[in-house]
Enquirer: 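Dumping the structure here so I can ask a few things about it.
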Amino acid sequence: MHVVRGKKIEVLFSPEEIARRNEELASEIAKGPSRDLLVIAILKGSFVFAADLIRALHKIGLAPEVEFMTLSSYGTGTVGKSVKMVKDIDSEVKGRDILLIDDILESGRTLRFARELMLERGAANVSIAVLLDKGNKREEALEADYSGFHCPDKFVVGYGMDVAYAFRELPFVGVVTGDA
Ligand code: IMP
Ligand code: MG
């Protein structure tokens, strides 16, 4: 249990657990299509995970190109929800092996949007790495190729993820449980 700016935060995944899992994910990724690898981090939530994962890839000899795409969900309710492109990548994807990196796979809408866009643009292969999988919240037929941890059905923060713009800087993944 940590107290951060007056809030109690329960640790779900520690920095050590995350670092160990990132190394395992990197070696799984290295066994997949990774010849001319273009890694695309889906901002904002994935920036810390992506930064650690690409360095874990470097440790085992991979040298991916790294790009960033900002996507956001808009609309409410199950049917009205959609994904909007806020900032696109600059690189050409035609014929390349793409690895999409996101913090959490929940309904699957965000990553489905990104994957379909890459396939439309002619990517040779699109795979997906997520730190956390909220498997029971899926609304699209989409699974990650590489998944760090199963995430309980709770709103998590830290390690890049925020609630109302706060707590991205925490080195662990946690849940806000109340006021301290
Ligand atoms: P999906 O499109 O429903 O799969 O939503 C995935 C996106 O929702 C992730 O990229 C996150 O940005 C965000 N998200 C989902 N659950 C959480 C959470 O518990 N904390 C922070 N962000 C979350
Ligand atoms: Mg996100």
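None of these values were measured; they are calculated from a predicted model. As a basis for the values below, the full set of heavy atoms in this structure was taken, side chains included, without hydrogen atoms, waters or symmetry mates.
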Enquirer: With salt bridge (charged side-chain N to carboxylate O under 4.0 Å, His left out) as the criterion, how do Asp179 and Lys8 come out once you've worked through the C-alpha distance, each side chain's angles and the decisive distance to 0.1 Å?
Expert: CA-CA 6 Å; Asp179 293 324; Lys8 284 195 271 187; over 6 Å; no
Enquirer: How long is the straight-line distance from OG of Ser34 back to CD1 of Ile60, given to the nearest 0.5 Å?
Expert: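 Ile60 atom CD1 to Ser34 atom OG measures 8.5 Å (nearest 0.5 Å).
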Enquirer: Would you say Leu117 and Leu43 are hydrophobically clustered, going by side-chain heavy atoms of ILVMFWY under 4.5 Å?
Expert: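 Per the 4.5 Å side-chain linkage, Leu117 and Leu43 are not co-clustered.
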Enquirer: List the atom of Ala124, the atom of Asp97, and the distance in Å for their closest heavy-atom pair.
Expert: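 Where Ala124 meets Asp97 most closely, the heavy atoms are CB-OD1, 4.0 Å.
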Enquirer: With a 4.5 Å cut-off on side-chain heavy atoms, are Ile98 and Ile40 touching?
Expert: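 The answer is yes; the side chains approach within 4.5 Å.
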Enquirer: Sub-3.5 Å donor-acceptor pair from the side chain of Arg115 to the main-chain atoms of Leu142, do we have one?
Expert: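 No, Arg115 side chain to Leu142 backbone: no donor-acceptor pair under 3.5 Å.
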Enquirer: Kindly determine whether Asn125 and Ser127 satisfy side chain to side chain contact (heavy atoms under 4.5 Å, CB included), including the steps that lead there.
Expert: CA-CA 7 Å; Asn125 188 276; Ser127 49; 4.2 Å; yes
Enquirer: Taking all non-hydrogen atoms of both residues into account, name the closest pair between Asn22 and Leu53 and its distance.
Expert: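 So the two residues come closest at O-CD1, 3.7 Å.
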Enquirer: Is it the case that the side chain of Arg138 and the backbone of Glu106 share a donor-acceptor pair, with hydrogens and angles ignored and the cut-off at 3.5 Å?
Expert: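 Side chain of Arg138 to backbone of Glu106, a donor-acceptor pair under 3.5 Å: yes, one is there.
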Enquirer: Does some side-chain heavy atom of Phe155 sit less than 4.5 Å from a side-chain heavy atom of Val176?
Expert: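 Contact flag for Val176/Phe155 side chains = no.
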Enquirer: Indicate whether the side chain of Glu140 and that of Ser107 have a donor and an acceptor atom separated by less than 3.5 Å.
Expert: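 Side chains of Glu140 and Ser107: no pair found under 3.5 Å.
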Enquirer: Does the pair Leu57 and Arg55 meet the rule for a side chain to side chain contact (heavy atoms under 4.5 Å, CB included), with working shown?
Expert: CA-CA 5 Å; Leu57 290 172; Arg55 284 176 291 180; over 6 Å; no
Enquirer: Any non-hydrogen side-chain atom of Val11 less than 4.5 Å from a side-chain atom of His2?
Expert: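 Yes, side chains in contact.
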Enquirer: Determine whether Arg168 and Val163 satisfy the following criterion, side chain to side chain contact (heavy atoms under 4.5 Å, CB included), listing intermediate values before the conclusion.
Expert: CA-CA 8 Å; Arg168 290 195 199 272; Val163 59; over 6 Å; no
Enquirer: NZ of Lys87: more than 12 outside heavy atoms within 6.0 angstrom?
Expert: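 For Lys87, atom NZ is crowded (more than 12 foreign heavy atoms under 6.0 Å).
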Enquirer: Once you round to the nearest 0.5 Å, how far does CZ of Phe68 lie from CD1 of Ile42?
Expert: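 Rounded to the nearest 0.5 Å, the CZ-CD1 separation comes to 11.0 Å.
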Enquirer: Step by step, would you call Arg121 with Lys94 a side chain to side chain contact (heavy atoms under 4.5 Å, CB included)?
Expert: CA-CA 6 Å; Arg121 291 179 183 175; Lys94 201 169 168 47; over 6 Å; no
Enquirer: List the steps, then state whether salt bridge (charged side-chain N to carboxylate O under 4.0 Å, His left out) holds for Arg112 with Glu116.
Expert: CA-CA 6 Å; Arg112 185 178 164 203; Glu116 284 185 355; 2.9 Å; yes
Enquirer: Using 0.5 Å steps for rounding, measure from the CZ atom of Phe149 to the CZ atom of Arg21.
Expert: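 One finds 6.5 Å between CZ of Phe149 and CZ of Arg21.
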Enquirer: If we count only N and O atoms by modelled type, under 3.5 Å, do the side chains of Glu10 and Thr177 hold a donor and an acceptor together?
Expert: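 No - no donor-acceptor pair under 3.5 Å links their side chains.
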Enquirer: Are side-chain heavy atoms of Leu100 and Leu111 found at a separation under 4.5 Å?
Expert: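 Of all side-chain heavy-atom pairs linking Leu111 with Leu100, at least one is under 4.5 Å.
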Enquirer: Taking all atoms of both residues into account, what is the closest heavy-atom pair of Pro152 and Leu12, and its distance?
Expert: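 Where Pro152 meets Leu12 most closely, the heavy atoms are CG-CD1, 4.0 Å.
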Enquirer: Under 3.5 Å, is there a donor-acceptor pair between the side chain of Arg96 and the main chain of Ala123?
Expert: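 No.
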Enquirer: Does atom NZ of Lys44 have more than 12 heavy-atom neighbours from other groups under 6.0 Å away?
Expert: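 For Lys44, atom NZ is not crowded (no more than 12 foreign heavy atoms under 6.0 Å).
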Enquirer: So do Leu132 and Phe13 actually touch side chain to side chain, heavy atoms under 4.5 Å?
Expert: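 They are in contact (side-chain heavy atoms under 4.5 Å apart), so the answer is yes.
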Enquirer: With no hydrogens and no angle check, is any side-chain donor or acceptor of Ser27 less than 3.5 Å from a backbone partner on Glu24?
Expert: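 Indeed, once roles are kept as given, a pair shorter than 3.5 Å links the two residues.
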Enquirer: Does any part of the side chain of Ser72, heavy atoms only, come nearer than 4.5 Å to the side chain of Thr70, both counted from C-beta?
Expert: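 They are not in side-chain contact.
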Enquirer: Pro64 versus Leu38: any side-chain heavy-atom pair under 4.5 Å?
Expert: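 Counting from C-beta outward, Pro64 and Leu38 never come under 4.5 Å.
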Enquirer: Would Lys137 and Asp153 satisfy salt bridge (charged side-chain N to carboxylate O under 4.0 Å, His left out), going step by step from the backbone distance to the final call?
Expert: CA-CA 8 Å; Lys137 302 277 278 189; Asp153 185 12; 3.6 Å; yes
Enquirer: Return the CG to CD distance between Asp88 and Glu67, rounded to the nearest 0.5 Å.
Expert: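 Separation between the atoms: 8.5 Å.
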Enquirer: Quick one: does any side-chain atom of Ser14 pair with a main-chain N or O of Glu17 as donor and acceptor, under 3.5 Å?
Expert: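 Yes, the answer is positive, given that a donor and an acceptor are paired below the 3.5 Å cut-off.
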Enquirer: So if you build clusters from Ile, Leu, Val, Met, Phe, Trp, Tyr with side-chain heavy-atom gaps below 4.5 Å, do Leu71 and Phe47 land together?
Expert: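 As far as the 4.5 Å side-chain criterion goes, Phe47 and Leu71 are not connected within one cluster.
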Enquirer: Can a donor-acceptor pair be found between the side chains of Asp52 and Tyr159 at a distance below 3.5 Å?
Expert: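 Note: Asp52 and Tyr159 side chains meet the donor-acceptor criterion.
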Enquirer: Could you state the interatomic distance from CG (Leu131) to CG (Asp133), rounded to the nearest 0.5 Å?
Expert: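 Leu131 atom CG to Asp133 atom CG measures 10.5 Å (nearest 0.5 Å).
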Enquirer: Between Leu62 and Ala30, which heavy-atom pair has the shortest distance, and what is it?
Expert: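 So the two residues come closest at CD1-CB, 3.8 Å.
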Enquirer: Measure across Phe172 and Pro15 and return the closest heavy-atom pair with its distance rounded to 0.1 Å.
Expert: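 Looking at all heavy atoms of both residues, the closest pair is CB-CD, 3.8 Å.
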Enquirer: Determine whether Ile104 and Val130 make a side-chain contact, defined as any pair of heavy atoms from C-beta on separated by less than 4.5 Å.
Expert: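 No, too far: nothing below the 4.5 Å cut-off.
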Enquirer: Could you tell me which residues satisfy salt bridge (charged side-chain N to carboxylate O under 4.0 Å, His left out) with Asp145, sequence neighbours excluded, listed by chain and number?
Expert: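 So Asp145 forms no salt bridge (charged side-chain N to carboxylate O under 4.0 Å, His left out) with any residue.
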Enquirer: Give the cluster check for Met118 versus Ile101: same hydrophobic cluster or not, with ILVMFWY residues linked at side-chain heavy-atom distances below 4.5 Å.
Expert: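 Unlinked, Met118 and Ile101 end up in two clusters.
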Enquirer: What pair of heavy atoms forms the shortest contact from Leu105 to Ala144, and how long is it?
Expert: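 What the structure gives for the nearest pair is CD2-N, 3.7 Å.
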Enquirer: Is Ile89 reachable from Leu119 through a run of hydrophobic residues whose side-chain heavy atoms are each under 4.5 Å from the next?
Expert: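 They do share one cluster, since a chain of ILVMFWY contacts under 4.5 Å joins Leu119 to Ile89.
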Enquirer: What's the separation between atom OH in Tyr146 and atom CG in Leu25, rounded to the nearest 0.5 Å?
Expert: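 Tyr146 atom OH to Leu25 atom CG measures 9.5 Å (nearest 0.5 Å).
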Enquirer: Report yes or no: do Val39 and Ile128 belong to one cluster of Ile/Leu/Val/Met/Phe/Trp/Tyr joined by side chain heavy-atom distances under 4.5 Å?
Expert: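 No, it is not one cluster - the side chains of Val39 and Ile128 are not joined through contacts under 4.5 Å.
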